[in-house]
Amino acid sequence: MLTLSVIREKTEETIQRLKIRNIDADKMIACVIESDKKRRSLQNSLDNLQAELNATSRTIGGLILSQNNLAAEAARKRTGELKEEIREKSRLLREAEDELEKELLQIPNTPSFMVTPGRGAEDNVEVRSGGSMPQLPSSAMPHWELARICDIIDFDLGNKLTGAGFPVYKGMGSRLQRALINFFLDENARAGYIEVMPPLMVNEESGFGTGQLPDKEGQMYHVEVDNLYLIPTAEVPVTNIYRDVILDAKDFPVRNTAYTPCFRREAGSYGKDVRGLNRLHQFDKVEIVQIQHPDRSYETLEEMVTHVEGLVKKLGLPYRIMRLCGGDMGFTSAMTYDFEVFAGAQRRWLEVSSVSNFESFQANRLKLRFREEGSKKTVLAHTLNGSALALPRVVAALLENNQTGKGIHIPEVLHRYTGFDFIPFLSS
RNA sequence: GGAGAGAUGGCCGAGCGGUCUAAGGCGCACGCCUGGAGAGCGUGUGAUCGCCAAAAGCGGUUCGCGGGUUCGAAUCCCGCUCUCUCCGCCA
C-alpha cells in the first residue's frame with residue numbers, strides 16, 4: 001500500500017512512477033486525494049466535537065458538587081446533543097476511511113525510475129548472463145523422462161496421494177532435494193543471513209502484511225475451519241516477523257533466510273508450462289529477506305542479485321538476469337530482477353528466482369518502522385526479498401543439462417551434501 | 001475438548017465510575033555532581049491521526065480487540081481473541 005503522505009506531497013512523481021506500469025494513474029490518484037480531503041475534513045470536525053464533549057463532561061462533576069443544579073442540567077443537555085452529532089460524524093468518518101482504504105489497496109507499488117516502461121515479458125531487459133549453454137545430442141531427454149528412468153521423482157504417485165503438481169521425490173531424488181536446501185541455506189548463512197524456520201500457515205493479518213490479501217486469496221490454499229492460509233512463499237511469515245515492529249537505524253540491515261515448502265493453487269495454468277517440475281502446487285524454496293534503510297535499499301537489491309548469481313554460477317547453470325519492465329512486475333514490487341536458467345532438453349528459459357525491492361509498500365501495511373539515531377520520528381523501512389533459490393526448476397535444468405547416455409552428473413559443490421556424484425539410469 | 005485465572009506504557013506493577021493528564025519501580029535520555037566512572041540528586045520519557053508550509057503548540061484516539069451502559073469507563077455489562085494453570089487427548 002502506498003503511503004498517503006507521499007501521495008499527497010509527491011503527487012506528480014507518484015503518477016509518473018505508476019505510469020511506468022502502463023496504467024491510468026491520474027484518475028486513481030485524483031480519487032485518493034479527493035477521498036483523503038474528505039476524510040481529513042470529517043476527522044477535524046469530529047475532533048472538535050469530541051474536545052467540546054470532553055470539556056463539558058469535566059465541568060459536570062464540579063457543578064454537581066457546588067449544588068449548581070441548573071448549570072449541571074444545561075451541561076447535561078449539551079452533551080446529549082454533542083453525542084448525537086458525534087455518532088453521526090463518526091459514521092461518516094468510518095465510511096470515508098473505508099472508501100479511502102479501498103482505493104489505496106487498488107493501487108500497485110510505484111516502480112523505481114530505473115524500471116523500463118513496458119507492457120509484458122517481451123519488454124523485460126536482459127541485464128547480464130553467464131554460464132555456458134549445454135551441447136546436447138538430439139536424443140537428450142526432458143527432465144520428466146530422466147526423473148522416470150532414474151526413478152528419482154514420481155509424478156504419478158503424487159497424483160495418487162494428492163493430485164497433479166504434488167510429486168514424490170524418491171531415493172537419490174529425495175537426497176538431491178535435501179542437498180540443494182542445505183547448500184542454499186549454508187551459502188546464505190555465509191553471506192550473513194540468519195536462518196529461521198517459520199510456520200507454514202499464516203493468519204489473515206500476515207497475508208495482508210505482505211500483500212497476498214485481499215484480492216489474491218485465490219492463489220493461496222485456505223484452511224477454512226481455522227481461517228489460516230498455507231504460505232505461497234517464506235516471504236510471508238518471515239517478513240511478517242517484523243510486522244508492528246519499530247527498529248533502530250543501527251539494526252540495519254536485517255537479514256533472514258528460510259527454507260520452506262511453498263503452496264500455490266496456480267489456478268488456470270495448463271499446457272507445457274506445467275509439465276514435470278515446471279510448475280507445481282507444492283515446491284521447496286529457500287528465501288532471503290532483508291529489511292533495510294530507505295537510503296540503501298537499492299544497493300542492497302544489487303547485493304542480493306549478486307549473491308543469487310553466485311549460487312547459480314556455483315551450480316554451473318547457464319543463466320540470464322532480467323530486469324522486469326513496468327508491465328510485468330508484481331503488484332507489490334518497485335523493482336524486480338528475475339533469474340532464469342536454461343533447460344537444455346526443453347530448450348526453454350525457466351525462472352528460478354525473483355529478487356525485489358518493495359521499498360515501503362509492504363512496510364506500510366506491516367507498520368514496520370525504524371527510528372534514526374537520536375530522532376523521535378518513526379519512518380517506514382524498506383523490505384526486500386528474493387529466492388535463493390527455488391528448487392524444482394533448478395533440478396529440471398540440472399537433470400537436463402548434465403545428462404549423459406548413462407545418467408546424470410551432479411555439480412561438484414553438491415557432492416558433500418548428496419554423498420554421490422552421479423545418478424545412473426535404471427537398467428530396464 | 002472441559003474447568004478456572006488473567007491481558008494496563010520499552011519491561012515489572014498499582015488502580016476497580018470524575019482528582020487517570022495512569023501511582024510506584026526498572027530501563028532509557030539529558031543535566032547537576034566527578035579528574036573520569038559509579039553512586040546520589042534533578043528533569044524528561046510511547047504510538048497514531050488532525051489543525052499548521054514546517055517546528056513549536058493545541059486537539060482527537062489509544063489500558064488485548066469489538067460493541068454497550070453513563071453527562072463521564074482502565075474501572076460496570078455483552079461478544080470475540082490470546083495467554084497461563086489444572087484435567088483430557090497426543091507426535
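First the proteins, then the strands, lettered A, B, ... as listed; each starts at 1.
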Margin query: Could you go through Lys19(A) and Asp26(A), starting from their C-alpha distance and side-chain angles, then the distance that decides it, and tell me whether this counts as salt bridge (Lys or Arg N to Asp or Glu O under 4.0 Å)?
Written below: CA-CA 9 Å; Lys19(A) 283 189 172 169; Asp26(A) 299 278; 2.9 Å; yes

Give me the distance, rounded to whole Å, that separates [N] from [M] when you measure between the [atom1] atoms they each carry.
{"N": "A22(B)", "M": "G9(B)", "atom1": "P", "value": "13 Å"}
{"N": "G88(B)", "M": "G13(B)", "atom1": "C1'", "value": "35 Å"}
{"N": "G27(B)", "M": "G79(B)", "atom1": "P", "value": "43 Å"}

Check: Going through the distances and angles, do Glu95(A) and Arg91(A) end up as a salt bridge (Lys or Arg N to Asp or Glu O under 4.0 Å)?
Finding: CA-CA 6 Å; Glu95(A) 273 176 22; Arg91(A) 195 181 60 77; 2.8 Å; yes

Margin query: Nearest to the Arg39(A) side chain among G50(B), U70(B), A47(B), which nucleotide is it?
Written below: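 Among the listed nucleotides, the one closest to the side chain of Arg39(A) is G50(B).
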
Notebook entry, point to check: Any stems for RNA chain B, made of 3 or more Watson-Crick or G-U pairs in a row, each with both distances under 3.5 Å?
Noted result: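 Stem segments, range with range: B:1-7 with B:81-87, B:10-12 with B:24-26, B:27-32 with B:40-45, B:46-51 with B:57-62, B:64-68 with B:76-80.
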
Margin query: Classify the ring geometry of Phe361(A) against Phe331(A): parallel below 30°, tilted from 30° to 60°, perpendicular beyond 60°.
Written below: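 Perpendicular.
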
Notebook entry, point to check: Hey, what's the ring geometry for His307(A) with Tyr193(A), parallel, tilted or perpendicular (30° and 60° as the breaks)?
Noted result: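 Rings of His307(A) and Tyr193(A): tilted, 30 to 60°.
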
Specify the separation, in whole Å, of atom [atom1] of [X] and atom [atom2] of [N].
{"X": "Ile86(A)", "N": "C71(B)", "atom1": "CD1", "atom2": "P", "value": "14 Å"}
{"X": "Asn227(A)", "N": "U81(B)", "atom1": "CG", "atom2": "P", "value": "12 Å"}
{"X": "Arg365(A)", "N": "U48(B)", "atom1": "CZ", "atom2": "C1'", "value": "19 Å"}

Phosphate OP1/OP2 of [N]: any [X] side-chain N/O under 4.0 Å:
{"X": "Thr378(A)", "N": "U48(B)", "result": "yes"}
{"X": "Lys83(A)", "N": "G72(B)", "result": "yes"}
{"X": "Arg369(A)", "N": "U48(B)", "result": "yes"}
{"X": "Arg8(A)", "N": "G50(B)", "result": "yes"}

Check: Can you give one letter per nucleotide of nucleotides 52-60 of chain B, going 5' to 3': B for a protein heavy atom under 4.0 Å from the base, S for sugar-phosphate only, - for none?
Finding: -------BS

Note to self: Going by side-chain contact (heavy atoms from CB on, under 4.5 Å), name the residues that satisfy it together with Cys31(A), two or more places apart in sequence or in a different chain.
What the structure shows: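 If we apply the side-chain contact (heavy atoms from CB on, under 4.5 Å) test to Cys31(A), skipping adjacent residues, the hits are Glu103(A).
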
